[in-house]
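Notes for the one structure printed next.
Ligands are counted one by one from 1 in listed order, and the atoms in each one are counted from 1 as well.
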Amino acid sequence: MDAEEQLQVLLNDDRLPDDLKHIAEKVSRNQRISFDEGVTLYEKGELGYLGVLANYIRQQRHGDKTYFNRNFHIEPTNLCVYDCKFCSYSRLIKQRSEGWEYTMEEMLDIIKKYDNEPVTEVHIVGGVLPQYDLPFYTQLFSSIKAHRPELHVKALTPVEYHYIFKKAKVDYATGMAMMKEAGLESMPGGGAEIFHPEVRDLIAKDKCTADQWLDIHREWHKLGMRSNATMLYGHIEKFHHRVDHMERLRQLQDETSGFQTFIPLKFRNKDNQMSDVAESTVVEDLRNYAIARIYLDNFDHIKAYWAMISRTTAQLSLNFGVDDIDGTLDDTTKIYSMAGAEEQTPAMSTKELVELIKNAGRQPIERDTLYNVVTDYTDYEFPQEAKPQFYRLPVVN
Ligand code: V47
Ligand code: SF4
């Protein structure tokens, strides 16, 4: 049965409560669901029901296409002036001996290590420290672009930008324009956590507020640029906080159309100040992806970050609204391994990623950061003896 037939079966099921039937009818007519209906989905939507709705939307938008990209991460430092309760990664400045602080040269050396690799994106994000200021990052971005102009620079979040611009005494619009001028091409989705102050004040008190996070994305979008958005879920927040978070994103997206992808991030509880908070179940993770797909009707893509949730859950998520599983990575990110993610040294070759997607019955598409197709792997067979990470296939558009 295809996704449309599954939805029809659901719509004809007399046992379905009226409120859930009404939501299913809205989805079948491509109508937006309300805040209260979002909460209803969290409270009453069973996994099978949510999967049918989310997969229907996914199939309409993307068919079986499943996107990934080839990227690597640079984490400039794991020291941070902030003290988010969920963060296993940062060390306060007083624990400086446990941290690293890369210099400009060290970061450019990391860039150069990838000179002969077919990566399309560098993702730069880490802790917040005073020396990483506006002149530092504008010089870093322009040096990366001077060295390798086609490498897409996706860097920093409003948490860093708010701190940097305040220190430099420039407003958000001016600051983001300076970053664009220096070579910044898109903004990753981090730092969003949970927007609602009832939760944000408890877990991420001192860093940028929800409105500041949204304002910086707004200014970036006004420059014609794109960004992502995340939500850190599965800790102390209630269902209505998750819906509130997505509602604020949906409203900004109505205004700017600048977001590309929504990335739900599962809270991991190892070695942080919230270790006593239990992690969400896989069923809850899949329900959450599905509800995000249903609620965020103006977002093109829903991403599952495989390094965080394990490869099997990433495969499963493709039936619950997810159409993107991020990048090949390398083992260059420590944010999740330090928080207890399954992947302690997250690295997957292109061949492994392609097989993972094919084994889930979907079509693997390598994309660049802006979702231009780099290579469609649907009918591609890797040679037995291939060292896949060194394969360069023809660019198709
Ligand atoms: O903002 C920190 C999260 C985020 C934990 O845009 C944690 O393509 C779970 O935003 N458990 C940074 N999550 C990473 C990020 C990201 C990742 C992949 C792709 C993209 C993209 C963006 O990591 C932080 C925070 O929400 N985080 N600690 C933890 N214990
Ligand atoms: Fe610092 Fe980011 Fe960790 Fe918060 S989540 S303590 S801002 S590195």
Side-chain angles (χ1 to χ4, degrees), residues 67-69 71-73 75-93 95 99-100 121-129 132 152 154-164 185-195 199-200 203-208 213 217 220 226-237 245 259-275 277 279-280 285 299 301-309 314 324-327 329 332-343 346 367-371:
Y67 299 95
F68 68 95
N69 72 346
N71 63 355
F72 63 101
H73 285 226
E75 294 173 356
T77 179
N78 70 337
L79 297 169
C80 191
V81 298
Y82 299 120
D83 183 25
C84 303
K85 303 301 171 215
F86 54 83
C87 182
S88 321
Y89 165 85
S90 80
R91 299 287 175 269
L92 289 170
I93 295 181
Q95 297 166 287
W100 69 83
E121 171 191 291
V122 56
H123 179 162
I124 306 173
V125 76
V128 179
L129 280 187
Y132 298 118
H152 182 107
K154 178 169 101 181
L156 313 188
T157 73
V159 177
E160 287 101 333
Y161 289 123
H162 169 74
Y163 179 90
I164 291 169
E185 286 160 296
S186 65
M187 230 198 304
E193 323 312 356
I194 288 285
F195 288 143
V199 178
R200 197 174 189 82
I203 65 170
K205 190 159 66 74
D206 298 319
K207 68 186 189 186
C208 69
W213 191 98
H217 280 266
W220 183 240
R226 313 299 302 273
S227 64
N228 292 339
T230 57
M231 171 172 78
L232 178 71
Y233 73 93
H235 42 90
I236 60 167
E237 87 288 359
H245 190 92
F259 289 117
Q260 303 200 107
T261 309
F262 180 64
I263 311 154
L265 293 172
K266 174 193 177 88
F267 164 69
R268 307 304 306 244
N269 68 7
K270 192 176 151 215
D271 286 341
N272 56 41
Q273 297 170 70
M274 291 167 67
S275 293
V277 177
E279 292 181 358
S280 55
D285 297 335
F299 274 63
H301 302 282
I302 305 290
K303 188 197 282 192
Y305 191 42
W306 67 265
M308 187 64 159
I309 55 166
D324 186 322
I325 53 172
D326 202 73
L329 288 177
T332 45
T333 176
K334 298 206 168 39
I335 294 183
Y336 299 108
S337 49
M338 289 169 89
E342 279 79 1
E343 301 281 341
R367 60 163 176 88
D368 66 13
T369 312
L370 301 175
Y371 287 85

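A donor-acceptor contact shorter than 3.5 Å is absent between the side chain of Ser186 and the backbone of Lys154. Looking only at distances, no side-chain donor or acceptor of Lys266 sits under 3.5 Å from a matching main-chain atom of Gly234. Put simply, the side chain of Asn78 gets close to the backbone of Trp100: a donor and an acceptor are under 3.5 Å apart. For the pair Glu185 (side chain) and Leu370 (backbone), a donor-acceptor distance under 3.5 Å is absent. Put simply, the side chain of His245 gets close to the backbone of Phe195: a donor and an acceptor are under 3.5 Å apart. One N or O on the side chain of Arg200 and one on the backbone of Cys208 form a donor-acceptor pair closer than 3.5 Å.
Within the listing of ligand 1, atoms 1 (O), 10 (O) sit less than 4.0 angstrom from a heavy atom of Gly190. Close contacts between ligand 2 and Cys80 involve ligand atoms 1 (Fe), 6 (S), 7 (S), 8 (S) [criterion: under 4.0 Å to a heavy atom]. Close approach of ligand 1 to Asn272 (heavy-atom distance below 4.0 Å) involves ligand atoms 30 (N). Proximity to Gly191 (heavy-atom distance under 4.0 Å) selects the following atoms of ligand 1: 1 (O). Within ligand 1, the atoms closer than 4.0 Å to a non-hydrogen atom of Asn228 are 6 (O), 8 (O), 21 (C), numbered from 1 in the order shown. Residue Glu193 approaches ligand 1 through these ligand atoms, each under 4.0 Å from one of its heavy atoms: 1 (O), 24 (C), 25 (C), 26 (O). In summary, the atoms of ligand 1 found under 4.0 Å from a heavy atom of Asp326, numbered by their order in the structure, are 19 (C). Near Thr230, meaning under 4.0 Å from any of its heavy atoms, are these atoms of ligand 1: 10 (O). Near Pro188, the atoms of ligand 1 lying under 4.0 angstrom from a non-hydrogen atom of the residue are 6 (O). Counting the atoms of ligand 2 from 1 in the order shown, those under 4.0 Å from a heavy atom of Lys207 are 4 (Fe), 5 (S), 7 (S).
Between His123, Glu279, Lys266, it is His123 that holds the heavy atom closest to atom 22 (C) of ligand 1. If you check each of Leu232, Asn69, Leu265 against atom 13 (N) of ligand 1, the one with the closest non-hydrogen atom is Leu232. Of the candidates Trp306, Phe86, Phe267, the one placing a heavy atom closest to atom 2 (C) of ligand 1 is Phe86.
Inclusion of Lys303 in the set of residues having an N or O under 3.5 Å from an N or O of ligand 1 is warranted.
Between Ala192 and Trp213, the shortest heavy-atom distance links the atoms N-NE1, 3.4 Å. Scanning all heavy atoms of the two residues, the minimum distance from Thr369 to Gln260 falls at O-NE2, 3.0 Å. For the pair Gly191 and Val159, the tightest heavy-atom approach, listed with the atom from each and the gap, is CA-CG2, 3.7 Å.
At a cut-off of 2.8 Å, Cys87 does not coordinate atom 1 (Fe) of ligand 2 through any N, O or S atom.
A donor-acceptor contact under 3.5 angstrom links the side chains of Asn272 and Ser88, judged on distance only.
Outside the 6.0 Å centre-distance limit, the rings of His235 and Phe86 are not counted as a close aromatic pair.
Closest to atom 4 (Fe) of ligand 2, if we only count protein heavy atoms, is Cys84 SG, 2.3 Å.
Proximity of Ile263 to ligand 1, defined as any heavy-atom pair under 4.0 Å, is confined to the side chain (atoms from C-beta onward).
Ligand 1 does not have Met187 within reach: every non-hydrogen atom of the residue lies 4.0 Å or more from it. Heavy atoms of Lys154 come nearer than 4.0 angstrom to ligand 1 in at least one pair.
Ion pairing between a basic and an acidic side chain is recognised when a charged N comes within 4.0 Å of a carboxylate O; Glu279 and Arg268 show such pairing.
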